[in-house]
Amino acid sequence: MHRSDQTIFALSSGRPPSAIAIIRVSGPQAGTALRALAGAMPSPRMATRALLREPAGDPIDDAVVLWFPSPASATGEDVAEFHVHGSRAVLATLLAALSKIENCRGAEPGEFTRRAFENGKLDLTEAEGLDDLIHADTDRQRRQALRQLTGLLGDKARAWRQQIIDAAALIEAGIDFSDEGDVSGELVAPALIRVRALLGEIEAALAAGGRSERLRDGLVVAIAGPPNVGKSTLMNHLARREVAIVSPHAGTTRDVIEVQLDLDGYPVTLIDTAGIRETVDPVEQEGVRRARARAAEADLVLWLTDTESGHRPEQGAAPVWRVRSKVDLAEPNFGATNSNDPASPAFRISARRGDGIAELIAAIVGFAQDYFGAGETALITRERQRSLLRDTADSLKRGLDAAALGEELVAEELRRAALSLGRLLGRVDVEDILDVIFREFCIGK
C-alpha cells in the first residue's frame with residue numbers, strides 16, 4: 001500500500017500529562033476512526049462532545065472531537081481530531097485503539113506537514129517557516145518564522161517565476177518569428193527589459209538578506225580570559241541563574257558551558273569557557289583547548305581580565321571586547337566606559353555586584369542588531385533558499401549576457417532560472433531534500 005493510502009495518527013500537543021491533549025488523524029480512514037471511537041460523525045468543523053469508546057465498547061474518555069473532510073483540512077486529506085484529557089493512561093488507550101483500525105499507523109516525524117506540502121497546502125518555504133515557528137525561542141524568531149509561514153518568500157518566488165515564464169514565452173515567440181526581423185525584435189526587447197528588472201529585484205533580496213539566516217540559530221557570545229577573573233560569575237549574572245560553579249580556586253571551569261538567552265528578542269548562546277593559561281594538568285589542558293576552539297567559532301568574544309593591562313587575547317575572526325572585571329575591589333565608584341576604538345570596546349564591570357552589566361548587555365544587543373541586519377524582515381532565512389536564489393540570479397545574468405549571441409541561449413537560461421525557483425518552492429526536482437527537511441519536524445507535525 002502506498003504511504004498516501006495509509007492513515008496516520010499522532011499526539012499533536014505537548015508532552016503529557018496535561019490538562020488537554022490533541023490527537024490528530026489524517027488519511028482515508030480518518031472518518032472511519034472517528035465514527036468507530038465517537039459512535040457518530042460530527043458536523044464538519046464543529047466541535048462536538050462525545051464519549052470515546054474502545055472497539056470492545058469500554059469507555060476511554062469524555063472528549064471533544066472535530067471532523068475536517070478533504071480537501072478543506074490542514075493536510076488536504078480527511079482529518080479527525082480528538083481533544084481528550086491529557087493523562088498518559090488516556091493517551092495510551094486512545095492511541096492503542098487507533099492502531100487497531102485497519103491501515104492506521106503512527107505518524108513519522110514531519111509526516112503531517114509533508115502531506116500538506118504534497119497536497120499543495122504549503123510550499124517548501126512555508127513548510128520551513130512552520131518548522132522555524134515550532135522551534136522559535138524568541139519573539140524576533142517567531143515573527144520571522146510566521147512571515148515565512150504566511151508566504152513572505154513563497155509568494156514573491158511564485159510571482160518571480162511567473163514573470164520568468166512570461167518573458168520566456170516572448171523569447172520563444174521571437175524564435176518562432178525569427179524570419180521576420182521586426183516581429184522578433186518587438187517580442188525579445190520587452191522580454192529582456194523584464195528580465196533585467198527581475199534580476200535587480202532578486203539581487204536586492206540577496207543583498208538585503210545579510211545574515212538573516214543566523215537569526216534562526218542565534219548569536220554566539222563567548223566569555224573567555226585567564227582563570228579566576230569572574231567569567232563564571234558574569235555568566236550566572238547574565239543568565240540570572242546558577243549555571244556555572246563559582247570558586248576562588250583557579251581552574252574550576254574545565255569544560256565549555258552553554259546557556260540560551262533572549263536579549264531584547266535576539267537569540268544569544270552564551271558560552272563560559274575554561275580559564276586560558278599554561279598548565280600541566282591534562283584535564284585542564286583539554287579544557288583550555290576547547291575554550292580556545294569555541295572562542296574561535298564565536299561571533300563575539302568578551303575577554304575578561306581583572307587588571308587594566310592583563311593578558312592580551314588571541315585575535316581571531318570574531319570581534320573581541322575587553323572587559324575589566326572586579327573593578328569594585330579597587331574602584332568603589334565607577335561606571336562602564338568604552339575605549340576610543342569603537343571596533344574593540346572596553347568595559348569595566350563588577351560581575352559580583354552587577355555594576356556596569358546593564359551597559360554591557362545594551363552593547364551586546366546593539367551588536368546583535370547590527371549583526372542580524374534586516375533579520376526578521378528579510379526574505380531569505382535559510383542557506384538553501386539563498387543558494388537557489390543565487391542560482392536564479394546567475395541564470396538571469398547569463399541570459400542577459402547571451403542576448404547578443406542568440407535567443408535560444410537566452411531561452412535556455414530562463415528555463416534554468418524558472419527551474420531554480422521551482423526547486424525553491426519544492427514543486428520540481430526536490431525529492432532528494434524532502435526527507436532531510438521533514439525529518440527535522442517533531443512527530444505530530
Side-chain angles (χ1 to χ4, degrees), residues 6-27 29-43 45-68 73-75 77-116 127 129-139 141-142 145-146 149 239-243 258-262 267 438-445:
Q6 299 174 343
T7 298
I8 57 175
F9 59 85
L11 174 67
S12 294
S13 54
R15 181 179 301 176
S18 60
I20 298 295
I22 301 173
I23 289 181
R24 180 187 296 173
V25 184
S26 179
Q29 293 296 101
T32 300
L34 183 55
R35 187 179 293 105
L37 297 176
M41 290 294 292
S43 300
R45 291 170 293 280
M46 182 174 293
T48 304
R49 185 177 178 181
L51 179 63
L52 304 183
R53 293 182 179 275
E54 295 183 78
D58 295 330
I60 299 174
D61 190 23
D62 188 5
V64 171
V65 296
L66 291 104
W67 168 238
F68 303 93
S73 70
T75 63
E77 303 174 329
D78 286 345
V79 171
E81 287 186 1
F82 299 88
H83 296 231
V84 297
H85 295 97
S87 72
R88 292 184 177 89
V90 168
L91 293 175
T93 304
L94 181 53
L95 292 172
L98 288 169
S99 67
K100 294 176 183 177
I101 296 174
E102 187 177 3
N103 296 329
C104 284
R105 61 170 175 83
E108 297 176 358
E111 194 166 4
F112 285 95
T113 305
R114 180 160 183 168
R115 291 191 177 197
L130 176 58
D131 184 41
D132 292 343
L133 186 60
I134 293 169
H135 295 98
D137 291 321
T138 72
D139 190 55
Q141 288 177 318
R142 177 193 63 79
L146 188 58
L149 176 58
R240 297 184 179 180
R241 57 190 175 92
E242 297 294 323
V243 295
E258 298 188 9
V259 64
Q260 308 298 319
L261 301 181
D262 179 347
F438 288 110
R439 73 187 180 198
E440 295 178 357
F441 282 72
C442 57
I443 294 175
K445 269 296 180 183

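Given the structure is predicted, the values throughout are model-derived calculations rather than measurements.
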Sequence neighbours excluded and cut-off under 3.5 Å, please list the side-chain donor-acceptor pairs for residues 15-25, or say none.
| from | atom 1 | to | atom 2 | distance (Å) |
| --- | --- | --- | --- | --- |
| Ser18 | OG | Ile20 | O | 3.1 |

Heavy-atom closest contact ([X] atom, [Y] atom, distance):
X      : Y      : result
Pro55  : Ala97  : CD-CB, 4.1 Å
Ala74  : Ala116 : O-CB, 3.3 Å
Gly57  : Arg53  : O-NH1, 2.8 Å
Phe82  : Ala33  : CZ-O, 4.2 Å
Ala127 : Thr113 : CB-CG2, 4.1 Å
Ala10  : Phe112 : CB-CE1, 3.8 Å

Output the distance between atom [atom1] ([X]) and atom [atom2] ([Y]), rounded to the nearest 0.5 Å.
X      : Y      : atom1 : atom2 : answer
Met41  : Leu34  : CE    : CG    : 5.0 Å
Gln29  : Arg35  : CD    : CZ    : 10.0 Å
Thr48  : His83  : OG1   : NE2   : 11.0 Å
Phe9   : Ile101 : CZ    : CD1   : 8.5 Å
Asn103 : Thr32  : CG    : OG1   : 10.0 Å
Leu95  : Lys100 : CG    : NZ    : 12.0 Å

Sequence-distant partners of [X], side chain to side chain contact (heavy atoms under 4.5 Å, CB included), two or more places apart:
X      : answer
Asp78  : Ala30, Trp67, Pro69, Ser70
Arg142 : Leu133, Ala136, Asp139, Leu146
Ala36  : none

In chain order, what residues pass the side-chain hydrogen bond (donor to acceptor under 3.5 Å, both in side chains) check against Ser26, with sequence neighbours excluded? Thr75, Glu77
Could you tell me whether the side chain of Leu91 reaches within less than 4.5 Å of the side chain of Val84, counting heavy atoms only? yes
Side-chain touch Leu37/Leu94, heavy atoms, less than 4.5 angstrom: yes
Working note: Ile134 + Lys445, criterion side-chain contact (heavy atoms from CB on, under 4.5 Å); need CA distance, chi angles, decisive distance, verdict. CA-CA 9 Å; Ile134 293 169; Lys445 269 296 180 183; 3.5 Å; yes
Is there a side-chain contact (heavy atoms from CB on, under 4.5 Å) between Glu111 and Arg105 once you walk through the steps? CA-CA 12 Å; Glu111 194 166 4; Arg105 61 170 175 83; 2.6 Å; yes
Tell me which donor-acceptor pairs under 3.5 Å the side chains of residues 59-66 have, and how far apart each pair is, sequence neighbours excluded?
| from | atom 1 | to | atom 2 | distance (Å) |
| --- | --- | --- | --- | --- |
| Asp61 | OD1 | His85 | ND1 | 2.9 |
| Asp61 | OD2 | His85 | N | 2.8 |
| Asp61 | OD2 | His85 | ND1 | 3.1 |
| Asp62 | OD1 | Arg49 | NE | 3.2 |
| Asp62 | OD2 | Arg49 | NE | 3.1 |
| Asp62 | OD2 | Arg49 | NH2 | 2.5 |

